[in-house]
Amino acid sequence: MITSLAYLGIKSPNKDEWPDLVTKVWGAQLAEPGPDGSVRVKFDDALWRLQIHPGEQDETAYIGWGVDHEEDLHALLKTLADLGVAAEVGSDELAAERAVNRIITFTDPWGFRHEVTWGQSHIACSFQPSRPISGFVTGQQGLGHVLLLLPDIDQAHEFFGKLGFRLSDKIIVPGRLYARFYHCNARHHTLALGQCPPGVAGLNHLMIQLQSIDDVGLAYELAEEHGVPLTMTLGRHSNDRQFSFYHSTPSSFHVEYGYGGLEVDEEAWVPRVYDRSAIWGHKPHPSGKGRPMGIMHQVP
Ligand code: FE
């Protein structure tokens, strides 16, 4: 079963605007560009975990997940077949491009392409932040979390449950927000699902987590300084207690830059329901006004 978010792939006409955000605000590292000129971003000793390919329009190209053992991919192929989802074993060329040893691919009922992988390439002691930061919380917890917008998240609960995602909690603000949060490792959530109108689906945000609260405060100032559109001010989430802010990226989706997310003890965890998303803060910021809610696509 899936145990982490390994990587994320985006297509965008604004690929060349990414290096500034990555190096001047995040403190992440630019890896060697991909064969198609993609921008590859490194957060730890994995070769890369975010890749922005050139494209005609913003597109969620693929969401890359990791499993712990090679055999888990066989089990997953069977699970997907039982769900009536056509999955393919990816070629060696594809595995090499993604810097993994084994890969299977499938498209979910909402039109997202998923890649489930084993054996992501790491080079020990290779991560060099582009500005002084304490580092990103990755390792067993993977890259971070993604929030997908789907028109029927209750239906999706069953689908993603079979892939290994366990409910952490829900946030329900009547008439405003309905979201479900799922873990597959110690990170409070690796996958979040937010309810959106019928007919469309999309990638709302990627969360990356820092090891120090000061990294977040400093990045907030740097984002303001470099004119990055902020979509939500500093605040603390009610459920995972993440201290974070949100900014828009050159490719329509958002990034949550955070610190201090809760870790789940699977044995003792009891899912709860919250009636607000933040304890304090996370207010809309004027600079992010009018930014799209994410990279949206039509549900097939
Ligand atoms: Fe988040």
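Counting starts at 1 for both ligands and their atoms, following the listed order.
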A.B. asks: Exactly one of His189, His157, His145 should register a ring pair (Phe, Tyr, Trp, His ring centres under 6.0 Å) with Phe181. Which one does?
C.D. replies: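 That would be His189; it is the only one of His189, His157, His145 passing the ring pair (Phe, Tyr, Trp, His ring centres under 6.0 Å) with Phe181.
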
A.B. asks: Protein N/O/S atoms under 2.8 Å from the Fe ion (ligand 1): how many?
C.D. replies: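 Step by step: take the Fe ion (ligand 1), keep protein N, O, S below 2.8 Å, and you get 3.
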
A.B. asks: Indicate whether any N or O donor in one side chain lies under 3.5 Å from an N or O acceptor in the other, for His254 and Thr231.
C.D. replies: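 Note: His254 and Thr231 side chains meet the donor-acceptor criterion.
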
A.B. asks: Going by distance alone, is a donor N or O of one side chain under 3.5 Å from an acceptor N or O of the other, for Asn185 and Ser4?
C.D. replies: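 Checked: Asn185/Ser4 side chains show no N/O donor-acceptor pair below 3.5 Å.
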
A.B. asks: Would you call the rings of Trp18 and Phe253 parallel, tilted or perpendicular, where under 30° means parallel and over 60° means perpendicular?
C.D. replies: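 It falls in the parallel class, under 30°.
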
A.B. asks: Do the side-chain N and O atoms of Gln51 and Tyr62 include a donor-acceptor pair separated by under 3.5 angstrom?
C.D. replies: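 Indeed, the side chains of Gln51 and Tyr62 share at least one donor-acceptor pair under 3.5 Å.
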
A.B. asks: In terms of hydrophobic clusters joined by side-chain contacts under 4.5 Å, are Phe43 and Val137 together?
C.D. replies: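 No, Phe43 and Val137 fall in different hydrophobic clusters.
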
